[in-house]
Protein chains: 2
Amino acid sequence: MQTTIALESLAALSHPTRLNAFRLLVRHEPEGLSTGQLVDASGLSQSTFSSHLAILVAADLVVPEKRGRQMIQRANIEALRDLMLFLAKDCCGGRADLCEPLVAGLAECC
Amino acid sequence: MQTTIALESLAALSHPTRLNAFRLLVRHEPEGLSTGQLVDASGLSQSTFSSHLAILVAADLVVPEKRGRQMIQRANIEALRDLMLFLAKDCCGGRADLCEPLVAGLAECC
DNA sequence: ACCATTCATCGGAAATTTCCGATAGAAATT
DNA sequence: AATTTCTATCGGAAATTTCCGATGAATGGT
């Protein structure tokens, strides 16, 4: 994963509205949620949330799909994995000792 | 890990200057680097970098330590692990199927 | 054809972030 | 004690982000 893309992903997730929306979408995999449902959950105006959503989509963390006159949004788990791998490689790059607590924690998580 | 702290960590890492500095510090574990060395690597003014560093420290991703008249900065690997666990739990929370590609990728990383 | 629904985009105000030079404080050196 | 070195903080300018209401485009229903 390129640094530029990692930065865009981190920035996309670093806002409460966007992190909440992303987590909500992960919990609703693989059906997804409509944009309107996400707007309601956000408590913000429709236009404001729409621009937040656009940032998540631009970072490829959320993938939209047309269904009738509404858009179904889905979380991109692969993009999340790529981001985590990017962060992990900061440690693992030649430093397996640093990575050990990382994998240990993740192993017991799943 | 609390959502508030996760957001602060994500925001701290979502700027190129700060992400670079953090990665540099990870690669220099466990000796760390002085603030001055980080300033030089950043190419920014001393004051500008100092405020970036303060954001990393506030997020507990970097831990400073006095040594003589300079400050040695060290990456906090535990904080990185906590952030990754936070992100992973978005998938793993009752959804082991989603987490599978995550752990698989990390296993082959380390 | 017309209207209602759903969502993206525009225009602009307010808040925040980013950057710098200048200043201040703390510690080593002379 | 005076000076140099190292880093944090202040003050302020420029850029970016965040938020909203209004408008526009596309689709489905009447």
Side-chain angles (χ1 to χ4, degrees), chain A residues 3-25 28 31-76, chain B residues 3-25 28 31-76:
Chain A
T3 301
T4 309
I5 298 181
L7 280 168
E8 197 173 0
S9 302
L10 289 166
L13 294 177
S14 72
H15 188 282
T17 294
R18 297 193 292 263
L19 181 60
N20 265 330
F22 181 72
R23 301 181 82 187
L24 199 55
L25 288 178
H28 282 81
E31 327 90 49
L33 289 174
S34 72
T35 303
Q37 291 176 300
L38 291 170
V39 169
D40 291 344
S42 76
L44 295 176
S45 79
Q46 182 267 322
S47 66
T48 297
F49 183 81
S50 181
S51 56
H52 281 299
L53 183 59
I55 291 171
L56 286 167
V57 171
D60 200 36
L61 285 163
V62 169
V63 177
E65 184 188 339
K66 278 184 94 159
R67 185 180 315 172
R69 64 183 157 192
Q70 54 190 8
M71 300 291 287
I72 299 300
Q73 312 289 343
R74 288 192 52 195
N76 184 355
Chain B
T3 300
T4 309
I5 298 180
L7 280 168
E8 198 173 359
S9 303
L10 290 166
L13 294 177
S14 71
H15 188 281
T17 295
R18 297 192 293 262
L19 182 59
N20 265 329
F22 181 72
R23 299 181 82 185
L24 198 55
L25 288 178
H28 283 81
E31 326 89 49
L33 290 173
S34 72
T35 302
Q37 290 175 300
L38 291 170
V39 169
D40 292 344
S42 77
L44 295 175
S45 78
Q46 182 267 322
S47 66
T48 296
F49 183 81
S50 181
S51 56
H52 280 299
L53 182 59
I55 290 172
L56 285 168
V57 172
D60 200 35
L61 285 163
V62 169
V63 178
E65 183 188 340
K66 276 185 96 157
R67 184 182 315 172
R69 64 183 157 193
Q70 54 189 9
M71 300 291 288
I72 300 299
Q73 311 289 340
R74 288 192 51 196
N76 184 355

Val62(A) versus Leu53(A): any side-chain heavy-atom pair under 4.5 Å?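 In contact.
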A side-chain contact here means heavy atoms from C-beta on lying under 4.5 Å apart; do Ile72(B) and Leu33(B) qualify? no
Taking atom types as they are modelled, is there a donor-acceptor pair under 3.5 Å from the base of dG21(C) to the side chain of Ser47(B)? yes
What are the two closest non-hydrogen atoms of Gly32(B) and Arg74(B), and how far apart are they?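 That would be CA-CG, 3.9 Å.
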Below 4.0 Å from chain A heavy atoms, what is the first contacting nucleotide of DNA chain D and what is the last? dT18(D) to dG28(D)
Name all pairs fulfilling the side chain to side chain donor-acceptor pair (under 3.5 Å) condition that reach into residues 3-17 of chain A, sequence neighbours left out, sorted by first residue then second.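 Qualifying pairs, neighbours excluded: Thr3(A)-Arg23(B).
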Quick one: which residue pairs count as a side chain to side chain donor-acceptor pair (under 3.5 Å) with a foot in residues 50-66 of chain A, not counting sequence neighbours?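 Of all non-adjacent pairs touching residues 50-66 of chain A, those that pass side chain to side chain donor-acceptor pair (under 3.5 Å) are Arg18(A)-His52(A), Asp60(A)-Asn76(A).
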Integer-rounded Å distance: [N] [atom2] and [X] [atom1]:
X	N	atom1	atom2	value
Met71(B)	dA27(C)	CE	C1'	12 Å
Leu33(A)	dC7(C)	CG	C1'	15 Å
Gln37(A)	dT6(C)	CD	P	11 Å
Gln73(A)	dC7(C)	CD	P	8 Å
Lys66(A)	dA8(C)	NZ	P	11 Å
Leu38(A)	dC7(C)	CG	C1'	12 Å
Asp40(A)	dT5(C)	CG	C1'	13 Å
Leu53(A)	dT6(C)	CG	P	16 Å

With a 4.0 Å cut-off on heavy atoms, is [X] in touch with a base, just the backbone sugar-phosphate, or nothing at all?
X	answer
Ser51(B)	nothing
Arg67(B)	nothing
Thr17(B)	nothing
Thr35(B)	sugar-phosphate

Taking for each residue the nucleotide of DNA chain D with the nearest heavy atom, is it Ile72(B) or Arg69(A) whose nucleotide lies nearer the 5' end? Ile72(B)
Sub-3.5 Å donor-acceptor pair from the side chain of Gln70(A) to the main-chain atoms of Arg67(A), do we have one?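 Checking the backbone N and O of Arg67(A) against the side chain of Gln70(A), no donor-acceptor pair under 3.5 Å is found.
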Do the side-chain N and O atoms of Gln73(A) and Thr35(A) include a donor-acceptor pair separated by under 3.5 angstrom? yes
